[in-house]
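Notes follow the structure.
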Amino acid sequence: MKIKEKPKYSLWQVLRFMLSQAWLHHKSVIFLGIAYAALLVMQNVAQLLFTPAVLRIVESHGSVPVLLATIGCFTLLLLVMSGLREYADKNMMFGRILVRSKIGSALNEKACTTSYPNVQNPQMKKLYDRACQTGWNNDEPQEHIFVTLQELLQNILCFVLYLLLLSGMNPILLAAVILTTAISFFVNMKCSNWQYDHRNEFTEHYSKINYLRQIMESPETAKDIRIFGLVPWLKELREKACSAYDALIATRDAISFWGAVVDLVMAFLRNGIAYLYLIHLLLTTGMPVSQFLLYFAAFTGFSEWVTGILSSCNELRKETLALSAVLEYLNLPELFRFEDGAKIPKADRYELRMEQVSFRYPGSEKEIIHKMDLTLHPGEKLAIVGLNGAGKTTLVRLLCGLYDPTQGRITLNGQDIRNFDRREYYMLFSAVFQDFSIPDLTVAETVAQDYEGIDISKVKTCIEKAGLTKTVAELPKGLDTHLGKEIFLDGVRLSGGQTQRMMLARAIYKDGPFLILDEPTAALDPLAENDIYQKYNQMTAGKTAVFISHRLASTRFCDRILFLEDGCIKEEGSHEQLLAMGGGYAKLFEVQARYYQEGREFV
């Protein structure tokens with residue numbers, strides 16, 4: 001039996017959050033919403049009284065001037081209220097858009113600043129997608145909920161006024177309204193619950209469709225699609241994903257349709273009973289035509305307001321169910337300490353130490369790092385080598401504070417890094433990771449990672465250290481050349497090796513006391529790689545550096561080399577010392593050396 005997942009935040013908690021956002025960013029959304037509802041109520045009352053008032057004058061043989069004056073007053077009143085409503089509606093729209101944009105900004109900021117393991121968690125990614133879906137356009141809950149609240153308020157006000165007007169009528173009519181309303185409410189609530197229960201399926205199918213669309217449109221995959229003839233396969237995958245999504249939509253629409261049918265049947269019963277009762281009064285009591293018309297219009301409107309309240313409540317429930325994801329994501333518990341953490345102590349040099357550190361990724365039972373002890377001395381140049389899966393990149397992520405150890409601890413100058421403000425701790429590290437990204441900015445902005453206050457002289461120095469001076473000089477606008485073509489039509493795309501050098505320049509510009517280089521020369525040719533090695537001491541002067549590489553020959557210039565195997569430090573020493581040991585490092589170096597030794601057979 002499937003257990004239904006309840007929303008983490010209730011309707012009232014979501015409403016309180018959304019109203020607080022409106023109050024914080026644009027109070028007019030609240031005040032103009034109330035004014036709009038009040039104007040609509042007054043306009044409906046005026047429309048309700050208009051025709052009976054005119055008919056009453058005609059029945060009493062009133063004068064033409066009185067008749068014209070009555071028509072003129074009602075017409076002017078309706079025009080004024082209609083104009084005020086239009087003014088309020090237009091001004092509310094801008095306020096609602098602003099509130100939606102502020103919530104979207106908050107979601108984006110949370111995604112950029114939340115603890116790194118949250119970003120890597122697939123469930124958190126799905127939650128973020130669901131939260132963002134609530135603000136895609138004007139009709140989504142982040143904005144439309146204010147329209148729903150406004151409609152609910154005006155429906156309730158009109159309901160109360162019409163109920164007072166009809167209070168002298170037979171209680172059976174009110175009982176019929178309550179009964180039919182209750183039936184409609186519970187049926188529609190069931191429909192609303194179905195959509196919430198299947199929200200993860202909607203998100204999953206949509207994510208697949210969107211991912212396949214990005215793959216088919218991406219310049220990065222264009223070569224593979226053409227060379228390997230992937231178009232039929234990708235089209236088939238997308239068609240299957242679309243079919244599954246369409247089937248889910250069809251089921252949702254079918255359920256909504258039958259809910260609407262129930263609403264229609266209940267409305268027919270309500271109106272039918274009212275019409276029969278009023279016609280009976282007209283024929284048996286001699287009720288004036290103007291009064292009959294007033295009650296007839298009132299009861300018709302009363303039914304509409306009941307239906308309106310029901311629809312608004314159902315819509316409000318659906319929107320708050322969806323918006324619960326926004327609160328859930330914004331209130332994600334943080335695994336690290338940030339503002340409440342300790343400040344990084346001021347020091348000329350820092351020492352990093354791992355004490356019996358073990359680590360496994362969330363949801364995995366396999367340990368990637370096992371009871372590791374390691375001291376990274378100030379100013380040391382450390383190389384980490386090993387086969388794929390040995391734990392090299394994971395070790396670097398732990399040192400950088402992107403993950404916390406499963407067991408053991410990591411200290412900075414003797415203090416556990418878990419006690420520090422993690423964002424301040426990140427500032428200690430300049431890094432080039434394997435999976436780097438380069439945004440669509442100018443060369444100078446990419447290196448400095450800033451829009452203002454860029455030190456151009458420092459940018460040029462970093463570019464020179466990374467071996468990009470000639471490349472940048474040949475670009476159309478030099479340092480002002482845009483990289484990438486997603487935003488700027490005049491942008492250029494760098495080669496893999498050039499991009500890797502650009503990331504190296506970015507790391508040098510940051511000038512943190514720790515420099516982390518995870519396969520920084522993987523995309524470079526041998527000559528370019530040798531150029532980087534020649535400048536390595538210059539780049540790392542005064543810094544503590546960690547260098548990861550599969551090419552063992554590139555580690556000779558490091559003070560110390562760690563050979564990792566199965567998450568443990570199997571061998572440690574200088575290049576010459578490790579070769580003399582004749583262990584795993586020496587064997588791996590021998591295998592790699594055969595590629596470059598003339599006359600040697602590779603076996």
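Below, all heavy atoms of this structure are taken into account, side chains as well, without hydrogens, waters or symmetry copies. Count residues from 1 along the sequence.
The closest donor-acceptor contact from the side chain of Ser312 to the backbone of Gly308 lies under 3.5 Å. Using a distance-only test at 3.5 Å, with no hydrogens or angles considered, a donor-acceptor pair links the side chain of Asn44 to the main chain of Leu40. Put simply, the side chain of Arg423 gets close to the backbone of Thr113: a donor and an acceptor are under 3.5 Å apart. A donor-acceptor pair is defined here as one N or O able to donate and one able to accept, closer than 3.5 Å; such a pair exists between the side chain of Glu334 and the backbone of Ser115. Of the possible donor and acceptor atoms, one in the side chain of Glu445 sits under 3.5 Å from a partner among the backbone N and O of Thr442.
By the neighbour-count criterion of 12 heavy atoms within 6.0 Å, atom CZ of Phe94 is sparsely surrounded, having that number or fewer from other residues, nucleotides or ligands. Counting heavy atoms of neighbouring residues, nucleotides and ligands inside a 6.0 Å radius, atom NZ of Lys240 does not exceed 12 of them. By the 6.0 Å contact criterion, CD on Glu424 is enclosed, its count of non-hydrogen atoms from other residues, nucleotides or ligands being greater than 12. No more than 12 heavy atoms of other residues, nucleotides or ligands sit less than 6.0 Å from atom OH of Tyr211. Atom CZ of Phe268 is surrounded by 12 or fewer heavy atoms from other residues, nucleotides or ligands within 6.0 Å.
Ring pair Tyr361/Tyr403: centre-to-centre distance below 6.0 Å.
For Asn108 and Tyr128, the side-chain atoms include at least one donor-acceptor pair closer than 3.5 Å. A donor-acceptor pair shorter than 3.5 Å cannot be found between the side chains of Arg317 and Asn314.
Taking both residues in full, the closest heavy atoms of Val119 and Ala111 are given as CG2-O, 3.9 Å, listed atom of the first, atom of the second, then distance. Among all heavy-atom pairs drawn from Ala322 and Thr134, the shortest one is O-CG2, 3.6 Å. Across all their heavy atoms, Leu78 and Ala46 have their closest contact at CD2-CB, 3.7 Å. Phe17 and Val326 get closest at one heavy-atom pair: CE2-CG1, 4.2 Å. Here the closest heavy-atom approach between residue Tyr426 and residue Lys510 is recorded as O-NZ, 3.0 Å.
Annotation: salt bridge (Lys or Arg N to Asp or Glu O under 4.0 Å) contacts involving residues 148-164, sequence neighbours excluded, are absent. Residue pairs meeting the side-chain hydrogen bond (donor to acceptor under 3.5 Å, both in side chains) criterion with at least one member in residues 96-107, sequence neighbours excluded: Arg100-Glu143.
Salt bridge annotation for Asp404-Arg337: absent, with no cationic side-chain nitrogen under 4.0 angstrom from a carboxylate oxygen. A salt bridge is absent between Glu239 and Lys235: the closest approach of a Lys/Arg side-chain nitrogen to an acidic carboxylate oxygen does not fall below 4.0 angstrom. We find that Lys125 and Asp129 are joined by a salt bridge, their nearest charged nitrogen and carboxylate oxygen being less than 4.0 Å apart.
Using the six-membered ring where Trp is involved, Tyr206 and Trp136 have ring planes that are tilted, between 30° and 60° apart.
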